[in-house]
Amino acid sequence: SVTFNVLLHGFCKQGRVEEATSLLEEMSGNGFSPNRVTFNTLINGFCKAGEASKAAELLEKMGAEGFEPDVITYNTLISGLCRNGKSQEARRLLDEMVSSDCVPDLVTYNSLINVMCKEGKVEEARELFNELTSKGYEPDIYTHNIILHGLCRCDKVDAAAELFGEMLAKGCVPDIVTYNVLIDSFCREGRLNRAMQLLREMENKGCHPDFITYNTLIDGLCKKERVQEAEELFGEMNDRGIMPTVITYNSLIDGRCNVGRIEEATELIDEMFLKGLVPDKVTYNCILKAFCKVGNIQKATDIIQMMIHNGWDPDVVTYGTLIYGLCRSGRYEPAIKILRSMPMKGMLPEAVAYNPILRGLCMRQRTREAMALYTEMLEQGVAPT
RNA sequence: CUUUUUCUUCCGGAA
């Protein structure tokens, strides 16, 4: 059954949880009995696929088949529920975990610290981090990376630098994630040269950059409109045999678009297909935005068609962008029409979708229509920004 | 054999 669990894990890692589930059912019919690891694997699979409720159902089923959840089960669900925005349920599970004498381990604490950071409660996270030692746990590389990332993301760069120093002093060796976090942080601060320097530093320390390192730097350079340097780095990445991902291309595409190289950006889509990479919604949304900005509604519509043709449903961002584009071209009626069609596609327009229309109407002395639309927006329960 | 950390479009947060 170890072999079978490995197989299930493989399916889950590829996001094919449904297939994993049916495979399990099939095997159960043939007399195979799942163990705790089997359940843990599937619970994790559902969590990662964004189906937290199905994961919770599996917990029930697991109990019904006589398996008590263990630390790993709880850890998986706690982080999974939080990722899916169900932190109150996670809280409940944590209590259940403690009351059922299942002792939280370092992984549990790392998850909790991470959630606190993601919720913007970095101070609270730091407190828990400091309490770890007295609880008998030594913060590991995960703990440090989580806190470092949390501090960087809320611009507490000095605190982050200090922690990094402490980390080194304690003999905790920075790993590739640590470097990636720091490089990203430098990029966001606009200190691109420092970020590039860190890339070379990590190599000297024997830590080899991976695709995330390059993606981070390429995106950072693109955001600063240093697209040519980003392209050079992209070349370096290829030379070293590090395969680009969809995210690499999305960054480059967005970068080229933002410096007005829309045609060249579009060419990258073809290149992606040649490399076996499948452009995603983000890819199309980037190009769409570029055409909208220059008021080319025809090309904008074309790209949406291409997106649909390749099997992607336009999302809120797509619609928001198109509405923005139509407004820029003064075409308010079609913009409003699209806005109104959104609920039929199962999407509730947010304020972002209304804003360009409202702004445009106001600037064109069509305040009355703007007010009517604004009232309508409030009636739909959309919060103004 | 299973659980925790890092990268892309829109928005938000802060001002």
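Just so we're on the same page: letters track the sequence lines, and every chain starts at 1.
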Problem set entry | Asp280(A) side chain to Val282(A) backbone, donor-acceptor under 3.5 Å | yes
For this session: Check whether any side-chain N or O of Lys13(A) sits under 4.0 Å from OP1 or OP2 of rU3(B), and answer yes or no.
Result: no
For this session: Mind running side-chain contact (heavy atoms from CB on, under 4.5 Å) on Arg366(A) and Glu369(A) for me, showing each step along the way?
Result: CA-CA 6 Å; Arg366(A) 291 167 67 176; Glu369(A) 290 161 83; 2.7 Å; yes
For this session: List the atom of Arg83(A), the atom of Cys47(A), and the distance in Å for their closest heavy-atom pair.
Result: NH2-CB, 4.4 Å
Exercise. So what does Val177(A) hit on the nucleic acid, given a heavy-atom distance under 4.0 Å: a base, only sugar-phosphate, or nothing?
Worked result: base
For this session: Measure the distance between the ring centre of Tyr142(A) and the centre of the six-membered base ring of rU5(B), then answer whether it is under 5.5 Å with planes under 30°.
Result: no
For this session: Sequence neighbours left out, what passes side chain to side chain donor-acceptor pair (under 3.5 Å) with Glu19(A)? Give chain and number order.
Result: Arg16(A)
Exercise. What string of B, S and - do you get for nucleotides 7-15 of chain B 5' to 3' if you count protein non-hydrogen atoms under 4.0 Å?
Worked result: BBBBS----
Problem set entry | Parallel, tilted or perpendicular: ring planes of Phe234(A) versus Tyr249(A), cut at 30 and 60 degrees | perpendicular
Exercise. Should the ring pair Phe129(A) and His144(A) be called parallel, tilted or perpendicular, given that the plane angle runs from 0 to 90° and is split at 30 and 60?
Worked result: perpendicular
Exercise. So does Asn114(A) get a side-chain nitrogen or oxygen closer than 4.0 Å to the phosphate oxygens (OP1/OP2) of rU4(B)?
Worked result: no
Problem set entry | Donor-acceptor side-chain pairing of Tyr284(A) and Asn310(A) below 3.5 angstrom | yes
Seminar exercise, completed: Taking Watson-Crick and G-U wobble contacts under 3.5 angstrom, with | marking pairs to another strand and [ ] crossing pairs, the secondary structure of RNA chain B is written ...............
For this session: Output yes when at least one side-chain N/O atom of Lys118(A) is less than 4.0 Å from OP1 or OP2 of rU6(B), else no.
Result: yes
Problem set entry | Touch class at under 4.0 angstrom, heavy-atom based, for Val181(A) against every strand present | sugar-phosphate
Problem set entry | Distance in angstrom units between Leu148(A) CG and rU6(B) P, rounded | 12 Å
